[in-house]
Amino acid sequence: MTVRAALAEGTGALEGSCPGSPFLDAALLLSSSMGMERDRLLASMPDEVPPGPLERYRALLSRRRSGVSVAYILGYKEFYGRRYAVDPRVLVPRPDTEILVETALALLPPAGGIPSRRVRCHDAFTGSGCVGITIAAERPDVEVSLSDASPDALAVCAANARAVLGRDLELGIGDVLSAAAWPLDLVVANPPYVSTVLTDEIEAAGGSEPRSALDGGELGLDLYPALARQAFALLAEGGALVAEIGEEQGRAVKAIFEDAGFVGVEIRADLAGADRVVSGSKHAVRR
Ligand code: GLN
């Protein structure tokens with residue numbers, strides 16, 4: 001069977017059962033089965049797929065059809081141009097979360113911007129670590145710490161920090177910001193914000209992401225009040241909080257930030273135009 005025919009077979013097998021991107025998924029699974037980069041695979045349409053890889057490919061397709069995400073099947077996901085190991089202990093990084101990182105990078109003081117010490121940033125609910133590790137990679141001058149309530153997630157995160165940065169980051173175990181220390185210049189967070197009902201639906205449909213990374217309570221808003229209150233206490237004067245939100249949560253989370261004392265609170269949209277990030281400052285308003 002040729003690469004072209006195998007891709008057509010896989011795309012057909014995934015259509016219907018796996019909404020999203022059946023061709024891309026099939027191409028990722030076939031290139032992994034053949035031990036080949038995806039770009040090279042797509043340039044090899046007339047080539048034959050050897051029997052071993054073809055058998056592996058069909059086994060991966062059937063795992064995908066049972067609802068396992070491509071990222072968990074392959075064991076990694078690209079985020080902000082870097083590769084993160086992922087498995088069912090952590091949420092799979094979403095492209096939408098890149099806007100959280102971009103907002104965080106724009107809110108960080110410049111290198112040397114705090115005269116008496118290094119600029120400090122904490123990533124709460126870090127999961128795979130993709131947000132905090134990206135910030136550490138983009139801004140090596142910043143002291144980045146990360147935390148999560150799940151020891152399993154922190155194990156994945158620690159391995160990712162070493163693989164991506166070639167060094168360890170300061171990791172703490174704890175809910176919300178209990179593992180973070182004053183003074184911080186930026187708090188960044190992608191808390192669980194999916195409603196309990198929707199989390200149940202995702203699980204029933206075969207989703208294997210950790211419930212604790214998705215379920216944000218009845219309206220998905222349970223974690224934001226504690227996040228805003230604790231961040232306000234831990235931030236230095238002029239510091240900022242930036243959090244990811246579900247697309248219908250902008251107004252509610254803005255109000256929660258303002259209740260906690262944040263000023264200049266703004267809602268930003270992701271590339272699809274959906275509200276995705278809320279940010280606010282402690283006193284001195286910065287851009
Ligand atoms: N964006 C994720 C989703 O749509 C949810 C991530 C989260 O709860 N932090 O499933």
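Remember, it's 1-based here, ligands and their atoms both numbered in the order they're listed.
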Side chains of R268 and S279: any donor to acceptor distance under 3.5 Å? yes

Do R117 and D185 pass the salt bridge (charged side-chain N to carboxylate O under 4.0 Å, His left out) test, and can you show the C-alpha distance, the side-chain angles, and the key distance before you say yes or no? CA-CA 11 Å; R117 56 169 173 82; D185 304 298; 2.8 Å; yes

Write down the atom of T97, the atom of E244, and the distance for their closest heavy-atom approach. OG1-OE1, 2.7 Å

Shortest non-hydrogen pair, K282 vs L235, comes out as NZ-O, 3.0 Å

Salt bridge check, D87 against R89: does any charged N sit closer than 4.0 Å to a carboxylate O? yes

Would you check ligand 1 and list the protein residues that come within less than 4.0 Å of it by any heavy atom, ordered by chain and number? L91, R94, N190, P191, P192, Y193, V194, A213, L214, E244

Parallel, tilted or perpendicular: which one describes the rings of F79 and Y84, with boundaries at 30° and 60°? perpendicular

